[in-house]
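Sequence lines set the chain letters: A, B, ... in the order given, protein chains first and strands last, and positions in each chain run from 1. Note: hydrogens, waters and symmetry copies are ignored here, and every other heavy atom, side chains too, is used. Being a predicted model, the structure only gives us computed values, none of them experimental.
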Protein chains: 2
Amino acid sequence: MRKTMNGGRRAPKIGDVARAAGVSVATVSRALSAPDKLKSETREKVMAAVAELGYTPNSVARQLRVGSSRLVLVIVPRRTNPPFFSEVLHGIDVTLAEAGYVLITGYMEGREHDLRLIELAASGHVAGLLTISGELPRAPGRSILDAGLPAVAVCADPKVDGLPAVLLDDERAAAMQVEHLLSLGHRRLFYVSGPAGNYNEVTRHRGIVRAIEKAGLGRNALVEHRGDYTFAGGVAGADAYLALADRPTGVVCGNDESAIAFVKTVRAAGLRVPEDLSLIGFDGIELADFCEPTLSTIAQPRFALGATGARLLVDLLAGADRADLLPRSGKILMQGRLLARDSSRAAN
Amino acid sequence: MRKTMNGGRRAPKIGDVARAAGVSVATVSRALSAPDKLKSETREKVMAAVAELGYTPNSVARQLRVGSSRLVLVIVPRRTNPPFFSEVLHGIDVTLAEAGYVLITGYMEGREHDLRLIELAASGHVAGLLTISGELPRAPGRSILDAGLPAVAVCADPKVDGLPAVLLDDERAAAMQVEHLLSLGHRRLFYVSGPAGNYNEVTRHRGIVRAIEKAGLGRNALVEHRGDYTFAGGVAGADAYLALADRPTGVVCGNDESAIAFVKTVRAAGLRVPEDLSLIGFDGIELADFCEPTLSTIAQPRFALGATGARLLVDLLAGADRADLLPRSGKILMQGRLLARDSSRAAN
DNA sequence: ACCATTGATGTAATCGATTACAGAAGCTGT
DNA sequence: ACAGCTTCTGTAATCGATTACATCAATGGT
């Protein structure tokens with residue numbers, strides 16, 4: 001099989017350009033990477049030959065020689081919320097591109113497959129790593145960090161000790177959910193949580209409890225129900241809510257997906273939102289603005305989370321000192337934004 | 001800056017392994033790529049040293065030497081439906097991994113950024129290309145195909161002449177929408193289309209018209225409204241529908257998103273689905289099963305589309321003859337599947 | 001007129017693997 | 001014991017760029 005298909009011509013190499021321009025390969029290389037070291041006359045001669053032949057440097061060879069790559073591998077878990085992460089990826093991509101890097105995504109699927117990602121990282125192709133779930137591919141006796149690549153976690157508490165992270169200030173954001181409902185006059189709240197032990201859940205739960213304490217309400221102002229951030233979990237939460245004798249008028253959901261399921265379920269049971277109960281979600285997904293009624297929620301700064309994480313990695317790759325970029329905790333917290341929409345209104 | 005962080009040790013090279021095992025570099029290389037050419041005793045000695053040192057071959061060097069890569073670049077347009085494509089990507093990823101390739105995704109953002117992708121392809125890092133929108137990054141005077149990489153389009157009509165493609169049989173699928181509603185006894189249909197000129201729209205429209213003709217109904221059995229596959233387009237379509245004096249009882253939507261918007265809008269106007277009108281969407285997105293009422297639709301075989309496209313590329317990369325893998329049209333068509341749910345029922 | 005200095009370019013070593021070829025070792029049959 | 005094989009392993013060329021160092025020309029100062 002021919003290696004190239006464009007008319008049988010093989011890709012031009014630096015030597016071809018040198019010959020065409022009547023100079024040495026060193027001069028061609030310099031024309032491309034350090035143009036001001038050349039006499040402008042020579043430079044133009046080389047550039048003309050480059051354009052003429054359609055030369056693109058073979059960056060595999062370049063990488064082998066200089067030992068550094070312009071590729072950043074972003075680890076994306078398979079089981080995740082695509083609309084949410086697509087916007088985070090966008091922020092990462094734009095930031096990396098501005099800094100001259102190329103984003104490549106590696107999906108974590110499972111054991112055998114993930115080994116491939118570890119090898120990719122160890123193989124010298126990749127300059128740095130980002131993970132958007134806090135997790136990294138693992139294999140028995142091997143870690144993707146063995147290769148010594150700089151790495152940053154975005155949007156999640158890193159499962160790896162000491163990994164720098166950029167994430168939402170979950171405690172504050174959850175407090176904002178509570179404060180919103182309390183400010184509307186609701187005095188008792190129902191909470192559909194995330195899965196037990198989950199970092200987001202633990203942190204947000206703390207924010208909720210503290211906000212209630214701070215408002216001077218007792219612990220019985222909060223009725224909790226264990227959810228799991230899924231649609232089905234929202235349905236189950238609503239069923240539990242409907243079964244209560246004395247229902248709180250405010251509902252805090254762990255995310256928008258379960259909030260939408262909650263609304264759908266209580267409406268099917270004859271309750272009206274927001275007339276009978278006010279509800280607030282978490283995440284700010286697109287759908288939250290399309291559903292009926294539109295959903296009050298806390299929007300995560302998705303683009304900014306990705307962009308900030310990527311910026312941090314780029315600075316690390318440039319050799320900046322970790323201590324100069326990060327607080328001692330190793331975590332940069334970003335703030336959520338309250339979107340007050342139709343699913344919440346003043347208690348009567 | 002130190003290159004590695006794992007205690008200052010640099011990554012072991014093939015020479016280090018050779019020394020540790022007391023053999024030559026050629027033997028180490030063979031132990032890894034052609035184990036049966038070695039005496040088992042030697043092989044085990046080498047493998048022990050490999051494990052001991054935690055050696056991973058530098059695939060940048062390998063690639064430079066052998067001239068072939070195991071990376072496949074998947075071109076993903078930024079403006080696209082993430083939940084839909086994430087499942088397609090999954091199919092691609094699994095298939096490529098089985099064949100020993102690694103998937104990397106490149107997002108198309110716009111001119112300057114896309115140039116980076118062209119350079120990545122020309123740089124020797126990449127073995128082959130997949131596009132999931134039919135489009136490829138372009139820059140003045142350059143095409144990503146100049147590098148001569150094998151390429152395949154999935155899920156879309158290729159905008160590039162002669163690019164092999166794997167896509168849905170849109171004409172048949174659209175005909176299935178019509179047949180479903182006709183079989184339920186609806187005799188007049190309202191159609192919320194996709195944007196004018198769009199390949200999917202043109203092809204599906206043909207399927208709809210032919211299905212109606214085949215049923216012996218006249219052209220006036222179909223009322224058409226120009227949509228654009230968005231939520232807002234669905235709202236506008238519903239408004240047009242509501243303004244009709246004599247409303248058809250069957251509604252065909254170009255996709256699920258606009259179908260959901262349509263339902264929401266007509267219900268707000270007091271109509272009931274499916275009591276007053278039956279409706280069918282297109283795509284089979286998750287949400288179609290969560291909304292109220294659950295949406296009848298045509299599910300695209302998303303995983304299979306990705307897997308089949310990736311399989312095709314892998315075969316091409318292995319040197320298979322294009323003519324042996326593809327029909328003369330250059331397109332492999334896959335069938336949609338009817339999901340009859342609550343939004344459609346027998347006409348009364 | 002000559003040496004020192006600067007600037008521009010060329011020569012060749014280098015990155016870390018793969019692999020053609022050569023050479024060594026072990027067998028077999030006579 | 002030796003030619004003729006086979007089987008295994010080692011030596012060194014190679015992939016295409018970058019870059020340290022060498023070379024050469026031009027310039028300036030005295």
Side-chain angles (χ1 to χ4, degrees), chain A residues 3-4 9-47 49-50 53-70 119-120 122-127 147, chain B residues 3-4 9-47 49-50 53-70 119-120 122-127 147:
Chain A
K3 178 120 181 296
T4 61
R9 267 175 307 140
R10 63 169 175 61
K13 313 162 203 270
I14 196 169
D16 301 328
V17 177
R19 205 168 316 114
V23 298
S24 75
V25 294
T27 301
V28 175
S29 178
R30 280 190 280 253
L32 263 27
S33 57
D36 37 344
K37 285 192 172 180
L38 298 187
K39 218 159 52 178
S40 61
E41 185 193 354
T42 321
R43 190 190 327 134
E44 275 152 29
K45 222 164 40 177
V46 174
M47 289 315 202
V50 166
L53 298 177
Y55 170 71
T56 302
N58 180 321
S59 80
V60 172
R62 170 177 201 287
Q63 226 171 277
L64 176 59
R65 179 60 231 254
V66 307
S68 84
S69 135
R70 314 260 19 167
E119 281 170 355
L120 180 62
S123 71
H125 279 290
V126 171
Chain B
K3 176 115 184 296
T4 62
R9 266 176 308 140
R10 61 169 178 61
K13 314 162 201 273
I14 197 169
D16 301 328
V17 177
R19 204 168 317 114
V23 298
S24 75
V25 294
T27 302
V28 175
S29 178
R30 280 189 280 254
L32 263 28
S33 57
D36 36 345
K37 284 190 169 179
L38 298 187
K39 216 157 57 174
S40 59
E41 185 193 353
T42 321
R43 189 191 327 135
E44 274 152 30
K45 223 167 33 180
V46 174
M47 288 315 201
V50 166
L53 298 178
Y55 169 71
T56 302
N58 179 320
S59 79
V60 173
R62 170 176 202 286
Q63 227 172 277
L64 176 59
R65 179 60 232 254
V66 307
S68 84
S69 137
R70 315 280 339 175
E119 280 169 357
L120 180 62
S123 71
H125 280 290
V126 171

| Nearest of D/dC8, C/dA8, D/dA17 to any side-chain atom of A/Ala61? |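 Among the listed nucleotides, the one closest to the side chain of A/Ala61 is D/dA17.
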Distance check needed: [N] [atom2] versus [X] [atom1], whole Å only.
X       : N      : atom1 : atom2 : answer
A/Arg30 : D/dT18 : CZ    : C1'   : 10 Å
B/Arg70 : C/dA17 : CZ    : C1'   : 16 Å
A/Glu44 : C/dA8  : CD    : P     : 14 Å
B/Ile14 : D/dT11 : CD1   : C1'   : 14 Å
A/Gln63 : D/dT19 : CD    : C1'   : 17 Å
B/Asn58 : C/dC15 : CG    : C1'   : 9 Å
A/Lys37 : D/dT18 : NZ    : P     : 13 Å
B/Glu41 : D/dT7  : CD    : P     : 18 Å

| query | So does A/Arg65 reach the base of C/dG16 with its side chain, donor to acceptor, closer than 3.5 Å? | reply |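 Side chain to base: no pair present.
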| query | With a 3.5 Å cut-off and just heavy-atom distances, do the side chain of A/Arg62 and the base of D/dT18 make a donor-acceptor pair? | reply |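 No, the side chain and the base share no sub-3.5 Å donor-acceptor pair.
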| Just checking B/Ser59: base, sugar-phosphate only, or nothing, at a heavy-atom cut-off of under 4.0 Å? |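 Nothing: the residue B/Ser59, judged by heavy atoms under 4.0 Å, touches no strand.
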| task | May I ask you to say what A/Val23 touches in the nucleic acid, namely base, sugar-phosphate or nothing, with a heavy-atom cut-off under 4.0 Å? | result |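 Result for A/Val23 = sugar-phosphate.
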Side-chain N or O of [X] closer than 4.0 Å to phosphate OP1/OP2 of [N]:
X       : N      : value
B/Thr27 : D/dT9  : no
B/Lys13 : C/dG16 : yes
A/Ser29 : D/dA17 : no
B/Thr42 : D/dC8  : no
B/Ser24 : D/dT9  : no
A/Tyr55 : D/dA17 : yes

So, [X] side chain and [Y] main chain: donor-acceptor pair closer than 3.5 Å or not?
X       : Y        : answer
B/Ser69 : B/His125 : yes
A/Ser29 : A/Ala26  : no
A/Gln63 : A/Gly124 : yes

| message | As a test of understanding, state which of A/Thr42, A/Leu32, A/Val17 forms a side-chain contact (heavy atoms from CB on, under 4.5 Å) with A/Thr27. | response |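 Result for side-chain contact (heavy atoms from CB on, under 4.5 Å) with A/Thr27: A/Thr42.
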| field | Of A/Leu38 and B/Leu64, the one whose closest DNA chain C nucleotide lies more 5' | value |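 With A/Leu38 and B/Leu64 compared, the 5'-side residue is A/Leu38.
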| field | Presence of salt bridge, B/Asp16 and B/Arg19, under 4.0 angstrom | value |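 Yes.
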